[in-house]
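Read the structure below first, then the notes.
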Amino acid sequence: MKITALIVAGGSGERFGKQNKLLTQVNGKPVIAYTAAAFEGLVDETVLVVNPELGDEFEKACPGIIIAGGGKTRTESVRNGLKSVTGGLVLIHDGARPFVSKNLITRCIRDTLDFGSSVAAVKTVDSIAEEHDGHIAGMLPRDVLYNVQTPQGFFTEDIAEAYTHAEGEYPDDSSVFAALGGEPHITEGEYGNRKITVPEDMIYFTGRAAPPQSQRIGGSFDTHRLSEGRKLMLGGIEIPAEKGLSGHSDADVLLHTLMGAILNALGLKDIGYYFPDTDPAYKDAKSSDLLAAVLILMDKAGYSLGNVSLTVIAEQPKLAPHTDGIKQSLSRLLGIPVSDIGLGATTAEGIGDIGKGDSIACTGYVLLKKNL
Ligand code: MG
């Protein structure tokens, strides 16, 4: 079933002062772009209901999104927006809730399919008092109280019909749905799914609005067989040993692991795709040259290395005397300080091929930072 996100951004934002809060820039992006990004990949289309006077600005903020004109009230805005929805299932969401998680959106879609509706809501944490003449007249039973959020999911046909019949102003979509006899299903919301209402909320938002994917982690593993007559290359330097690692290139298992982890962090294909061992160009290639090519791919993707963490598993030679030298070599090859390089060396306790001294393996992780 085609799914539409209907994001309501048409409010006048009176409690927020003159500037439109959803067009306020945070870390170089307007608030509404964060909200829209949360639905990316989970819905088939996104319709944004905006104040018609700001249509161009919202279009610039969210390129490629369908823009619909809002009305005087939220109820009117949603009614107008629903006319542009072509999906069979619609998730109606407040533009001022940029923290909605992909997990919550996914659960709302699933519950709408299962129960015919889905209203994100969290149990009320504070005690709620009823006031009379400036006194507390009584406390409401907290265990049946919920703070209602968005998204709220419905089959488009049902909610469109409810809005057609709705008169006056309703606080949210579930009330419109209920007014026509629907029974809105509660989906466990998230306390972090806060609504930006007053200017002070922006302080909280700025703190949380680190650019998405500002860091990426990647891991990898590699192993090569030891054989006579080969040099043992580890981390770009030659280690004195009776046997060396065999392979199509210089078989530097440590640099191969590093390359694999960087490509893995970037969501790219693995080393064999970029440097196939069927290609004579890579016969006896220096792994340090291949690593340089991987670092260029990383730079093109807009990332830099944070720290790297590597563990070599070798029975022989003993690596402890060489770890400082290897770290210095890695620091030069990677362009990061030695203090950002973790390098462990362990044996395999005589177990298996590695334990018998027939091969060496390496496992490792890298953390990449998005370039600002
Ligand atoms: Mg390899």
Between Glu242 and Arg230, is there a side-chain N and carboxylate O pair less than 4.0 Å apart?
-> no
No-hydrogen, no-angle side-chain donor-acceptor test under 3.5 Å, Asp222 and Thr257 = no
Any Leu234 side-chain heavy atom under 4.5 Å of Leu232 side chain | yes
Going hydrophobic residue to hydrophobic residue with side-chain gaps under 4.5 angstrom, can you get from Leu255 over to Ile239?
-> yes
Would you say Arg79's side chain and Thr164's backbone share a donor-acceptor pair under 3.5 angstrom?
-> no
Do the charged groups of Lys231 and Asp250 touch, with an N to O distance under 4.0 Å?
-> no
Can you tell me how far CG of Asn307 sits from CG of Leu334, rounded to the nearest 0.5 angstrom?
-> 11.5 Å
Between Ala160 and Leu82, the two heavy atoms sitting closest are CA-CD1, 4.1 Å
Is there a side-chain contact between Ile262 and Leu295 (heavy atoms, below 4.5 Å)?
-> yes
Find the distance between CG (Asp126) and CZ (Arg142) and round it off to the nearest 0.5 Å.
-> 8.0 Å
Linking I/L/V/M/F/W/Y whenever their side-chain heavy atoms sit closer than 4.5 Å, directly or via other members, would Leu254 and Met298 fall into one cluster?
-> yes
Close side-chain approach of Leu343 and Ile326, heavy atoms under 4.5 Å | yes
Verify side chain to side chain contact (heavy atoms under 4.5 Å, CB included) between Leu113 and Leu89, making sure each step is shown before the conclusion.
-> CA-CA 8 Å; Leu113 289 170; Leu89 189 160; 3.6 Å; yes
Same cluster for Val308 and Tyr365 if Ile/Leu/Val/Met/Phe/Trp/Tyr side chains link at under 4.5 Å?
-> no
Would you sort out whether Gln152 and Ser118 count as a side-chain hydrogen bond (donor to acceptor under 3.5 Å, both in side chains), showing the intermediate values?
-> CA-CA 5 Å; Gln152 299 192 5; Ser118 163; over 6 Å; no
Side-chain touch Leu305/Asp340, heavy atoms, less than 4.5 angstrom = no
Which residues pass the salt bridge (Lys or Arg N to Asp or Glu O under 4.0 Å) test with Asp252, sequence neighbours left out?
-> none
Selection residues 346-363 - residue pairs positive for side-chain hydrogen bond (donor to acceptor under 3.5 Å, both in side chains), sequence neighbours left out | Arg225-Asp353
Give every residue pair that meets the side-chain hydrogen bond (donor to acceptor under 3.5 Å, both in side chains) criterion with at least one member in residues 52-61, sequence neighbours excluded.
-> none
Show the numbers, then the answer: is there a salt bridge (Lys or Arg N to Asp or Glu O under 4.0 Å) between Arg74 and Asp172?
-> CA-CA 8 Å; Arg74 188 186 186 282; Asp172 74 337; over 6 Å; no
To the nearest 0.5 Å, atom CD of Glu76 lies from atom CD of Glu169 at 8.0 Å
Any side-chain heavy-atom pair of Leu22 and Pro30 under 4.5 Å | no
For the pair Ile66 and Val85, evaluate side chain to side chain contact (heavy atoms under 4.5 Å, CB included) and give the outcome as yes or no after the intermediate values.
-> CA-CA 9 Å; Ile66 302 159; Val85 170; over 6 Å; no
Would Ser331 and Ile341 count as a side chain to side chain contact (heavy atoms under 4.5 Å, CB included) if you check the C-alpha gap in whole Å, the side-chain angles of each, and the deciding distance to 0.1 Å?
-> CA-CA 7 Å; Ser331 168; Ile341 299 166; 3.9 Å; yes
Would you say Glu315's side chain and Gly350's backbone share a donor-acceptor pair under 3.5 angstrom?
-> yes
CD of Glu40 to SG of Cys62, rounded to nearest 0.5 Å, is 9.0 Å
Give a yes or no answer on whether the side chain of Thr35 reaches the backbone of Gly95 with a donor-acceptor pair at less than 3.5 Å.
-> yes
Spatial distance of atom CG (Asn371) from atom CG (Asp299) [nearest 0.5 Å] | 6.5 Å
ring-ring contact (aromatic ring centres under 6.0 Å, His included) contacts touching residues 241-285 (sequence neighbours left out) = His224-His256, Phe275-Tyr282
Write down the atom of Ile136, the atom of Met139, and the distance for their closest heavy-atom approach.
-> CG2-SD, 4.4 Å
Identify the two heavy atoms, one from Val8 and one from Ser77, that lie closest to each other, and give their separation to 0.1 Å.
-> CG1-CB, 4.2 Å
Would you kindly say whether Glu183 and Ser117 are connected by a side-chain donor-acceptor distance under 3.5 Å?
-> no
Taking ILVMFWY side chains as joined if any heavy atoms are under 4.5 angstrom apart, and letting links pass through other members, which residues group with Ile217?
-> Leu367
Mark yes when over 12 heavy atoms from residues, nucleotides or ligands other than Glu131 sit less than 6.0 Å from its CD; otherwise mark no.
-> yes
Side-chain heavy atoms of Asn264 within contact of Leu266, under 4.5 Å | no
For Cys362 and Val312, work out which heavy atoms get closest and say how close.
-> SG-CG2, 4.1 Å
Has Lys102 got more than 12 heavy atoms of other residues, nucleotides or ligands less than 6.0 Å from its NZ?
-> yes
Does some side-chain heavy atom of Thr46 sit less than 4.5 Å from a side-chain heavy atom of Ile7?
-> yes
Would you sort out whether Lys269 and Leu263 count as a side chain to side chain contact (heavy atoms under 4.5 Å, CB included), showing the intermediate values?
-> CA-CA 7 Å; Lys269 297 188 193 300; Leu263 294 169; over 6 Å; no
Exercise: identify the closest heavy-atom pair between Met259 and Ser287 = CE-O, 3.9 Å
Under 4.5 Å between side-chain heavy atoms, hopping through other hydrophobics if needed: is there a path connecting Ile32 to Tyr34?
-> yes
4.5 Å side-chain heavy-atom contact, Tyr191 and Val125 = yes
Is there a path of hydrophobic side-chain contacts, each under 4.5 Å between heavy atoms of I, L, V, M, F, W or Y residues, that connects Ile186 with Ile105?
-> no
What heavy-atom pair brings Ser220 and Ala261 nearest, and what distance separates the two atoms?
-> CB-N, 3.3 Å
Cationic N near anionic O, under 4.0 Å, Asp277 to Lys283 | no
Pairs where residues 160-186 contributes a residue and the test ring-ring contact (aromatic ring centres under 6.0 Å, His included) is met, not counting sequence neighbours = Phe115-His185, Phe154-Phe177
One should read off an interatomic distance between Tyr303 OH and Lys370 NZ, to the nearest 0.5 angstrom, of 4.5 Å
Is the backbone of Cys108 close enough, under 3.5 Å, to the side chain of Asp111 for a donor and an acceptor to pair up by distance?
-> no
Tested for side-chain hydrogen bond (donor to acceptor under 3.5 Å, both in side chains) against Lys2, the lone hit among Thr156, Thr86, Asp44 is Thr86
